[in-house]
Amino acid sequence: MKVDFLWGGAVAANQIEGAWREGGKGISTADCMTRGSLTQKRVYTDGVLPGFEYPSHEASDFYHHYKDDIRLLGEMGFKCFRMSIAWTRIFPQGDEEQPNEQGLAFYDSVFDECLKWGIQPVVTLSHFEMPYNLVKKYGSWLNRKTIDFFIRYCETVFKRYRNKVKYWLTFNEINFMSFHPETGSGLRDLTKPQVYQAVHHMLVASAKVVHLGHMINPSFQIGMMMAYPLSYPENCRPENVLQQMRDMDVHYYYADVQVRGAYSSKAKKFWKRESAAPVMENEDPKILREGCVDFIGFSYYQTNVSSVEKNRARAEGNMTGGIRNPYLQKSEWGWQIDPVGLRIALNTLYDRYQKPLFIVENGLGANDVLEKDGSVHDPYRIDYLRAHIEQIKLAVEEDGVDLMGYTPWGCIDLVSAGTGEMKKRYGFIYVDKNDDGTGTMERYPKDSYYWYKKVIASNGEVLE
Ligand code: BGP
């Protein structure tokens with residue numbers, strides 16, 4: 001791997017910070033998401049209501065533990081740390097003229113701590129949350145005004161952290177953001193035209209932010225972030241191959257704009273077929289053209305199967321489920337594990353866009369056990385990550401893919417976005433916090449912590 005390969009891990013503010021009302025923070029959409037489970041969906045309530053459990057309110061309490069947490073990451077040898085800024089710490093209501101200094105000061109300290117350990121922050125500007133007030137008062141991304149509020153927030157943090165942060169991502173998993181309540185847009189039950197409209201506003205916002213960031217600091221590297229649920233045709237039946245192409249087109253819709261700076265001809269056909277063309281301003285094509293990203297960040301957890309056949313067995317997955325693949329094992333939460341698929345994903349994305357790639361999420365959610373002596377034995381996680389890193393190396397070294405870095409998801413245990421559970425753990429670092437609210441919040445390195453430390457130290461050579 002390249003000498004400057006960015007080995008690290010990833011988290012998101014609403015899933016790790018807690019302290020939902022401290023430091024002047026406002027209520028975010030993520031603060032209104034209840035706890036769920038594999039069988040019970042999380043609910044987005046109309047504000048924070050009595051009688052509901054909201055896991056983001058305390059989460060893993062990174063807000064009060066960040067120094068120790070970053071020290072543990074530093075001791076593991078992290079080169080980078082992907083995290084997000086909670087928009088509501090900077091603009092609590094979203095529509096203020098002036099930012100909240102306490103929120104800005106908090107992230108100053110977090111970044112300083114990272115830099116002290118030689119860790120580059122990789123910062124997501126919007127990870128599954130936004131000020132609740134913007135949803136209530138303006139209608140979230142359906143309203144073009146939200147673009148301006150987002151720009152004001154991004155300009156504030158770009159200027160403030162211009163010498164501390166080099167790597168930025170605009171919207172987390174933008175291809176899921178507008179459709180699923182757990183992704184924080186606060187929008188539900190949208191019609192097709194509304195979906196395209198909200199997405200258009202987000203794409204314009206993303207492009208404007210990329211352009212602005214480059215003006216503020218030309219050495220900023222600003223990427224997009226998509227979930228990449230690669231799908232395979234069920235077999236060589238041409239209709240299934242065509243279906244696979246159609247299933248992937250849904251995801252390329254976003255990346256095509258963010259990487260190439262314009263909607264594809266196919267996207268325009270979608271609008272026509274569905275009578276759902278978004279309303280655009282005259283300047284929008286120019287904005288999109290001038291706001292192309294520097295790199296492509298993506299999450300990769302599992303693959304799906306595409307088929308026109310009915311009644312296929314189903315599998316769970318990241319936001320969307322899919323058809324069961326008989327060749328693959330599943331995680332405890334039913335996600336299909338496919339390391340070779342990651343090599344295919346890297347090749348496919350690189351062939352299509354010829355831009356540097358960054359795997360900003362990957363990992364295994366599992367129910368870990370904290371032993372009496374403080375150890376956590378997670379060989380399944382090591383196996384999962386090892387198999388994926390082997391495929392990454394093949395993609396880079398054998399296939400020539402340009403890959404910037406790798407940040408496995410939830411490097412410190414945190415709240416699951418999909419289910420709101422703590423027990424669905426991804427971390428190298430165990431957080432003693434249970435779904436029933438018990439636990440000391442103490443941190444414990446798992447076996448995978450010591451394993452990944454060796455992986456980083458050897459730049460991916462030692463995987464045993
Ligand atoms: C992605 C999100 C993350 C994260 C991850 C794992 O969709 O970007 O925020 O949570 O998936 O999903 P889950 O938490 O549902 O296991």
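Whatever order the structure lists ligands and atoms in, that order sets their numbers, starting from 1. Keep in mind that the numbers below use all heavy atoms, side chains included, and drop hydrogens, waters and symmetry copies. Please read all numbers here as calculations on a predicted model, not as lab measurements. Counting begins at 1 with the first residue of the sequence.
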Would you give me the side-chain donor-acceptor pairs under 3.5 Å for residues 332-339, sequence neighbours excluded?
| from | atom 1 | to | atom 2 | distance (Å) |
| --- | --- | --- | --- | --- |
| Glu332 | OE2 | Asn367 | N | 3.1 |
| Trp333 | NE1 | Glu421 | OE1 | 3.1 |
| Gln336 | OE1 | Arg324 | NH1 | 2.6 |
| Gln336 | OE1 | Asn325 | N | 2.8 |
| Gln336 | NE2 | Thr303 | O | 3.2 |
| Gln336 | NE2 | Ile323 | O | 3.2 |
| Asp338 | OD1 | Gly341 | N | 2.9 |
| Asp338 | OD2 | Tyr232 | OH | 2.5 |
| Asp338 | OD2 | Thr303 | OG1 | 2.8 |

Do you know which two heavy atoms are closest between Ser60 and Asp413, and how far apart they sit? OG-O, 2.7 Å
Within the 4.0 Å heavy-atom sphere of ligand 1, strictly under, residues: Gln15, His127, Phe128, Asn172, Glu173, Tyr301, Asn318, Met319, Trp335, Glu361, Trp409, Ser416, Ala417, Gly418, Lys424, Tyr426
State whether Lys2 and Asp402 are salt-bridged, where the test is any N-O pair (Lys NZ or Arg NE/NH1/NH2 against Asp/Glu carboxylate O) under 4.0 Å. yes
Pair Asp68, His65: side-chain N/O donor-acceptor within cut-off below 3.5 Å: no
Measure the OG-CD distance between Ser28 and Glu129 for me, rounded to the nearest 0.5 Å. 4.5 Å
Against the six-membered ring of Tyr426, is Arg381 placed for a cation-pi contact (under 6.0 Å from the centre, within 45° of the normal)? no
